[in-house]
Amino acid sequence: AARNWVPTRRVDSLCPYCGVGCQVSYHVAGEGAAQKIVFAEGRDGPANAGRLCVKGRYGFTYSRNRQRLTVPLIRKPGIPKGVNLDPADPLAAFREASWEEALDFAAAGLRRIKDAHGPHALAGFGSAKGSNEEAYLFQKLVRTGFGTHNVDHCTRLCHASSVAALLEGIGSGAVSNPVRDVEFADLAIVIGANPAANHPVAASFMKNAAERGVKLVMMDPRETPLARHAWRFLQFHPDADVALLLSMACTIIEEGLTDPDFIAARTEGFEAFRDAALKYTPERMEAVTGIPAATVREVARAYARGPNSIIFWGMGVSQHTHGTDNSRCLIALALMTGQIGRPGTGLHPLRGQNNVQGASDAGLIPMMLPDYQRVSEPGVRARFEALWQAPLSDTPGLTVVEIMDAACEGRIRAMYIEGENPAMSDPDLDHARAGLAKLEHLVVQDIFLTETAMLADVVLPASSLYEKTGSFTNTDRLVQLAQPVLPLPGDARQDWWIIQEMARRLGLDWHYAGPHEVFAELAQAMPSYAGLSWDMLEREGAVVAPKFSAAEPSQPVLFQQTFPTASGRGRFVPVSPLPAAELPDDDYPMVLITGRVLEHWHTGSMTRRADVLDALDPVPWCGMHPDDLASIGVSSGGRVRLQTRRGQLELEARADEGVRQGSVFMAFCYHEAAANLLTQPALDPFGKIPEFKYCALRVSPAATV
Ligand code: SF4
């Protein structure tokens, strides 16, 4: 028990979970391999000011969970591939191997497929839980070792549509202002996000601001805890977000609340957007959105008048087939009112995993080389070919869901997956798992035998954040250093070391001595990190990117004078509301909305193995309006069956008046009842993000009680 352990040392590092990027002190007891973290406390970091949420404070025990992988594994011959959820013998399909044998086997399989079918028969998923250095090395390996740009990561499933719209509209996929700028705002919109569960420390700053009088506007189909602190809560119909945002824009234009000087001096394309938006008056959209026109007008006026207004958004905005259009509307609101470029204003897509910003910056994107430099531009490719001394394909790669489709069709035949769990996180899981199982060769590098690793041919035991040195970039663009707190368990290895060993076996002459050398090359490759150095990170602990030269001061607030677009102006893009890809009908009359819960993180691979967190939320559940539950004769706590055209599952249903009638909310972290068995894979055409936030659903009492 922890009380028998007296901490003898403290290590300052980071939280492994969300994009807020809290700095943490870990207090460690024990010696050698028996060391363990006894408790964690928040440090006075720029993003957390000493605060931590339940995940940061109690979620560290997964690092020493008995299920940690400590030795390489190779699949036994003749064992069919499947997701084996039998906890009695999860490793039954594998035998232990030495590192030499496992790495040789892993690389030989990748080489065999490349030689027989060409480089584009290979693909790789890197990880937003790894460091910037690991992400950089992984994408470099796929691009120069495999010879393809088929490399992606979980940003495709969270903010790819936001990034597509931001790059198009204002030339940068990152946030304009940090979370804590809410302190300088007069009004803050939080739309399609549940910060109290997914960015809890950020939510605490939003609550503080609301208590001091900042007008907090929550906009979401589901009422989440932060709504209690809101000045106005707009519970719009699921899928009506574009209509709602256009009706806000319409109000601002109709009522003369735009900022004409800002529009004239800093933007382009306003007229076309104006003409499109003026059709969607709040009165005309009232039946579509479910929000009284007077409320929309009141909120739109307050946003435009500010004086300082900021917008935060999450995956309720991005995970739609019209996710890019949603973000285009948010960008248009900021541009037409001049609510950007000052403290307390701007656009902040709340980034999910602790390094999803950095992993995207470092190039884990199939159409972009590091720093969002397009694969399709010959000059960009030439620069990277010179730096990496290797030829590059001129064909942009496939995205996450496209890779799964290609695997099912036999076009992708081998994959290397580092720290991602698509067998839980992808939409239409039966399809995704079939694609993974069909691969002729699957290499998985992870810390647990995840559902994805269960389908692997070879499994390489890797490092958790508590065991590594590396830089991580949070949602505020803060680049911060993690330090090793614990030794690696058993024969697990550092991720950067494993990637380098794989690269050498694929013919690349890599000799990085450690993450610091990788960072030096990364800073050469990425203009926006060129002013950063490892020494600077060690000295200062946290430095804001972009930083184009060491002499240049950091810019927590971007776009004060200009936008990094070709013209230097922000760009309006006209949009109109489009329906979701799969609408309710007589057979499937309700709507499924997936998301996350406070205690668990994404696919649950870490938090379901963190004993305190799993004890707080141990069983799968869904939330339903009490009237919907009553209509099928089920009490709160009873079991229901959820069915979509892709699959079905049974789980506990809890009455929740915050869930709109006609919809069901469910988290995707429970392997026993995987929500993504139900979701559908239709993609936003620009961001290629699946529509996790809307599909048609049938609910009935469960067959088993
Ligand atoms: Fe960790 Fe995010 Fe919680 Fe901070 S808010 S402790 S980074 S999970």
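Remember, it's 1-based here, ligands and their atoms both numbered in the order they're listed. Positions are given from 1 along the sequence. Computed over heavy atoms, backbone and side chain alike; hydrogens, waters and symmetry mates excluded.
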What protein heavy atom is closest to atom 3 (Fe) of ligand 1, reported as residue, atom name and distance in Å?
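Checked against all protein heavy atoms, atom 3 (Fe) of ligand 1 sits closest to Cys53 SG, 2.3 Å.
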Report the nearest protein non-hydrogen atom to atom 2 (Fe) of ligand 1: residue, atom name, distance rounded to 0.1 Å.
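Answer for atom 2 (Fe) of ligand 1: Cys18 SG, 2.3 Å.
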Ligand 1 atoms in contact with [X] (distance to a heavy atom under 4.0 Å):
X	value
Pro200	5 (S)
Gly21	7 (S)
Tyr17	8 (S)
Gly56	6 (S)
Val201	4 (Fe), 5 (S)

In terms of relative ring orientation, are Phe519 and Tyr529 parallel, tilted or perpendicular, with 30° and 60° separating the classes?
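Answer is tilted, since the angle falls between 30° and 60°.
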Please confirm whether His27 and Phe39 have ring centers closer than 6.0 angstrom.
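Distance test on ring centres: under 6.0 Å, yes.
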Is the ring centre of Tyr466 less than 6.0 Å from the ring centre of Phe60?
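When the ring centroids of Tyr466 and Phe60 are compared, they turn out to be at least 6.0 Å apart.
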Is Arg609 close enough and on-axis enough to Tyr62, meaning under 6.0 Å and within 45°, for cation-pi?
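Verdict for Tyr62: no cation-pi partner in Arg609.
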Cys15, portion touching ligand 1 at heavy-atom distance under 4.0 Å
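The answer is the side chain.
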Do Leu486 and Ser63 have side-chain heavy atoms sitting under 4.5 Å apart?
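SC-SC contact between Leu486 and Ser63 confirmed.
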Heavy-atom closest pair, residues Met526 and Asp361:
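Where Met526 meets Asp361 most closely, the heavy atoms are CE-O, 3.4 Å.
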Looking at Ser162 and Trp313, what are the two nearest heavy atoms and their distance?
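Closest heavy-atom pair between Ser162 and Trp313: OG-NE1, 3.0 Å.
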Closer than 2.8 Å to atom 3 (Fe) of ligand 1: does that hold for any N, O or S atom in Cys22?
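Not a single backbone or side-chain N, O or S atom of Cys22 is under 2.8 Å from atom 3 (Fe) of ligand 1.
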